[in-house]
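Worksheet: the structure to be examined is printed underneath.
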Amino acid sequence: MTEESAATEDTFSPDVTTVRNDALHRYELRVGGTLAVQARYIDRPGHVDFIHTETAEQFAGQGLAGVLAHFALDDVVAAGKRIIPHCPYIYRYLRKHDAYNQCVDWPEQAPAGA
């Protein structure tokens, strides 16, 4: 399991942590120990396929999904793997953050909702 604390600003609680939870095949962002955002993935040889990102209702609209996406994508790149964005949120995030382009294998069609 990989864990880091996110630097926080006025809009975030000071107790924000990000974790790769291999047992549950998801990246997690917790606020004060409460699961706020999760990004589910399938880990395959040579790449990680992101399939779903979900933010708990009480944490919606705070930018936390973007914090988790940044952490998760950096973790995949650091592991030397490629990113496949089948998750609509991760797909949109990658379209806005071209620094990851060299590490992305785009699906033939955009995921529904992207």
Side-chain angles (χ1 to χ4, degrees):
M1 194 179 292
T2 302
E3 184 172 349
E4 287 186 19
S5 291
T8 58
E9 302 269 347
D10 294 344
T11 58
F12 295 125
S13 162
D15 189 11
V16 174
T17 57
T18 51
V19 175
R20 183 184 72 227
N21 185 331
D22 294 327
L24 296 177
H25 306 284
R26 67 186 188 191
Y27 285 90
E28 302 171 347
L29 183 142
R30 294 182 177 274
V31 176
T34 301
L35 181 62
V37 186
Q38 61 180 303
R40 293 183 23 231
Y41 64 87
I42 300 170
D43 193 358
R44 300 182 193 257
H47 69 270
V48 173
D49 188 349
F50 286 92
I51 56 174
H52 181 69
T53 299
E54 183 175 336
T55 301
E57 188 175 327
Q58 67 267 35
F59 297 104
Q62 299 179 33
L64 296 173
V67 172
L68 184 60
H70 181 80
F71 170 75
L73 296 170
D74 281 356
D75 187 62
V76 171
V77 171
K81 293 189 173 191
R82 299 194 53 80
I83 301 160
I84 300 177
H86 283 114
C87 164
Y89 181 82
I90 297 294
Y91 185 95
R92 289 189 312 269
Y93 184 92
L94 287 166
R95 288 292 184 200
K96 293 178 184 177
H97 298 86
D98 59 1
Y100 297 101
N101 279 346
Q102 71 278 8
C103 301
V104 178
D105 291 334
W106 296 102
E108 288 185 28
Q109 292 184 327

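Not measured: the values here are computed from a predicted model.
- Listed by chain and residue number, Tyr91 satisfy the side chain to side chain donor-acceptor pair (under 3.5 Å) test with Arg95 (two or more places apart in sequence, or in another chain).
- Using a 30° and 60° split on the angle between ring planes, Tyr27 and Tyr41 fall in the tilted class, from 30° to 60°.
- Legend: residues meeting side chain to side chain donor-acceptor pair (under 3.5 Å) with Tyr93, ordered by chain and number and at least two apart, are absent.
- In this view, His47 satisfies the ring pair (Phe, Tyr, Trp, His ring centres under 6.0 Å) rule with no residue, not counting sequence neighbours.
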>> One pair to check against side chain to side chain contact (heavy atoms under 4.5 Å, CB included): Asp43 and Lys81. What are the steps and the verdict?
In response: CA-CA 9 Å; Asp43 193 358; Lys81 293 189 173 191; 2.5 Å; yes
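- Considering only heavy atoms from C-beta on, Phe71 stays 4.5 Å or farther from Val19 through its side chain.
- Nearest heavy-atom pair, Gln102 versus Asp98, reported as atom, atom and distance to 0.1 Å: OE1-O, 4.4 Å.
- Ala69 and Ile90 make their closest contact through CB-CD1, 3.9 Å (heavy atoms, listed as atom of the first residue, atom of the second, distance).
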Show the atom names and distances, to 0.1 Å, of all donor-acceptor pairs under 3.5 Å that link a side chain in residues 104-114 to residues at least two apart or in another chain.
| residue | atom | partner | partner atom | Å |
| --- | --- | --- | --- | --- |
| Asp105 | OD1 | Arg82 | NE | 2.8 |
| Asp105 | OD1 | Arg82 | NH2 | 2.8 |
| Asp105 | OD2 | Arg82 | NE | 3.2 |

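- The cluster map of Ile, Leu, Val, Met, Phe, Trp and Tyr, joined by side-chain heavy atoms under 4.5 Å apart, puts Ile84 and Val77 in different clusters.
- The CG atom of Leu73 lies 4.5 Å from the CD1 atom of Ile83; values are rounded to the nearest 0.5 Å.
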Output side-chain donor-acceptor pairs under 3.5 Å for residues 51-61, partner residues at least two apart or in another chain, one line each.
| residue | atom | partner | partner atom | Å |
| --- | --- | --- | --- | --- |
| His52 | NE2 | Glu54 | OE1 | 3.3 |

Contacts under 3.5 angstrom, residues 28-38 side chains, donor-acceptor by atom type, not counting sequence neighbours:
| residue | atom | partner | partner atom | Å |
| --- | --- | --- | --- | --- |
| Glu28 | OE1 | Arg30 | NE | 3.4 |
| Glu28 | OE1 | Arg30 | NH2 | 3.3 |
| Glu28 | OE2 | Asn21 | ND2 | 3.0 |
| Glu28 | OE2 | Arg26 | NE | 2.7 |
| Glu28 | OE2 | Arg26 | NH2 | 3.0 |
| Arg30 | NH1 | Gly33 | O | 3.2 |
| Gln38 | OE1 | Arg26 | NH1 | 3.0 |

